Amino acid sequence: MSTNDQLPVLEIDKLEPTRDYLREAAMVLSSLQRAFLPKNSHDWHYGLEVSLRGITTQPFLAASEETRASVDLVRHNVRLNGSKWALYEYAAPEILNNLRAWLSARGVEAKLEEPKFVSGTVQFDTEQADAYAAALWWMEAQFRDIKAGLKAGITSPILLYPHHFDLALTWFPFDDERQLSLGFSTGDETIKQPYIYLTAYPEPVSFTSIPLPDDAHWQTAGFSGAILPYAKLQASAQPEELLQKFVTKIVTKGCQLFS
């Protein structure tokens, strides 16, 4: 049972099959939007947006009409304008074919790149999908607050990148290649459990020597970054304050090390 009213428990052994299925559905959406969006130098054309209903493509023009496709985490459908397909009925390759058929029926020519599906099967648990959605919406709201406080330089859109299935925000404090990236991952080969990360590129000397809050630690195997386990946030009575403390300390000191 959750220890606060804001964040659900994410148990990776239960979440993983549904997470992997949603990841493949998101990869299909990314392929769709990349067929229409111009390439971005920061790869932002790969990333999907988070909406009040779930995960959505960035807007694009199809048949001269502004169009979006989405993974609706409220009704558990994939949607493309007025058409919809139930997540629990269609595997990712079938979703891709449905989108191709939708475009073809409207006379729209577009080459949708086929993602490298790991399973290509339907593994969808509505309770686990709902838990993931609640965590995603909470994180996206926190990232928006953090982004609003970054006054100097430029910031990226807050996007979900399907291949790693992480929500990410990148800050370029000096308008050059130096950047700090904040992200929320549901777990991967390096860190199995869900976590929040903060990385720097190019990583300044002594970056991993910045003192961290007690609940966080430095990751140096596989990749280099500050890690705050999601479970620590979920167990906290004040998760917003814990996340802000984690981010503020690293961002402030990281900028000093950059300069």
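Values below: every heavy atom of this structure, side chains too, minus hydrogens, waters and symmetry copies. Computed from a prediction, not measured in an experiment: that's the story for all the values here.
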Please determine if E49 and R68 form a salt bridge, counting it only when a charged side-chain N lies under 4.0 Å from a carboxylate O.
-> yes
Backbone N or O of Q244 within a donor-acceptor pair of the T248 side chain at under 3.5 Å?
-> yes
K84, NZ atom: more than 12 neighbouring heavy atoms under 6.0 Å = no
Quick one: pull up CD in Q179 and CD1 in I154 and give me the separation to the nearest 0.5 Å.
-> 9.5 Å
Taking the side chain as every heavy atom from C-beta outward, state whether E24 and S119 have any pair of such atoms under 4.5 Å apart.
-> yes
Can you tell if the side chain of L243 reaches within under 4.5 Å of the side chain of W138, non-hydrogen atoms only?
-> yes
Using only heavy-atom distances, determine whether the side chains of W102 and S83 contain a donor-acceptor pair under 3.5 Å.
-> yes
Scanning both residues in full, the closest heavy-atom pair of W44 with T155 reads CH2-O, 4.5 Å
Minimum side-chain heavy-atom gap L99-V28 below 4.5 Å | yes
E140/R144 salt bridge by N-O under 4.0 Å criterion | yes
Got R53 and S70 here, is their nearest side-chain heavy-atom distance under 4.5 Å?
-> no
Distance in Å, L112 CG paired with E114 CD, rounded so as to fall on 0.5 Å steps | 10.0 Å
Apply side-chain hydrogen bond (donor to acceptor under 3.5 Å, both in side chains) to D188 and list each qualifying residue two or more places apart in sequence or on a separate chain.
-> H164, Y195
Do M139 and I196 have side-chain heavy atoms sitting under 4.5 Å apart?
-> yes
Got a sec, which pairs hit side-chain hydrogen bond (donor to acceptor under 3.5 Å, both in side chains) with one end in residues 209-230, sequence neighbours left out?
-> E203-S224
When clusters are formed by joining ILVMFWY residues with side-chain heavy atoms under 4.5 Å apart, either directly or through shared neighbours, do F184 and L150 land in the same one?
-> yes
Within 6.0 Å of CD in E89, more than 12 heavy atoms from elsewhere = yes
Paired with L87, the side-chain contact (heavy atoms from CB on, under 4.5 Å) test is passed by just one of V78, V122, T126, N77, namely V78
First locate atom CG of L180, then atom SG of C255, and finally report the distance between them rounded to the nearest 0.5 Å.
-> 5.5 Å
Please examine the side chains of F172 and T170, heavy atoms only from C-beta on, and report whether any two atoms are closer than 4.5 Å.
-> yes
Here the gap from Q58 atom CD to L32 atom CG, rounded to the nearest 0.5 Å, amounts to 11.5 Å
K192/E16 ion pair, N-O < 4.0 Å = yes
What is the minimum heavy-atom distance between S236 and L242, and which atoms define it?
-> CB-CD2, 4.1 Å
Quick one: are the ring centres of H76 and F124 less than 6.0 Å apart?
-> yes
pair R19-Q128: side-chain heavy atoms closer than 4.5 Å = no
Assess whether atom CD of Q256 is packed by more than 12 heavy atoms of other residues, nucleotides or ligands within 6.0 Å.
-> yes
Between V9 and A131, what is the shortest heavy-atom contact and its length?
-> O-CB, 4.2 Å
Closest contact, heavy atoms only, A69 versus T56 = O-OG1, 3.2 Å
More than 12 foreign heavy atoms under 6.0 Å from OH of Y88: is that the case here?
-> no
Any P213 side-chain heavy atom under 4.5 Å of L228 side chain = no
Within the 6.0 Å centroid threshold, strictly below: Y21 and Y90 | no
Taking all non-hydrogen atoms of both residues, which atom of R34 and which atom of Y46 are closest, and how far apart?
-> NE-CD2, 3.3 Å
May I ask you to check whether over 12 heavy atoms, not counting those of R106, lie within 6.0 Å of atom CZ?
-> yes
Is the centre of the H45 ring less than 6.0 Å from the centre of the F36 ring?
-> no
Return the minimal non-hydrogen interatomic distance between I227 and Y197, and the atom names on each side.
-> CD1-CB, 3.8 Å
Does atom CZ of F223 have more than 12 heavy-atom neighbours from other groups under 6.0 Å away?
-> yes
Nearest-0.5 Å distance that lies between atom CG in N98 and atom CG in L80 = 10.0 Å
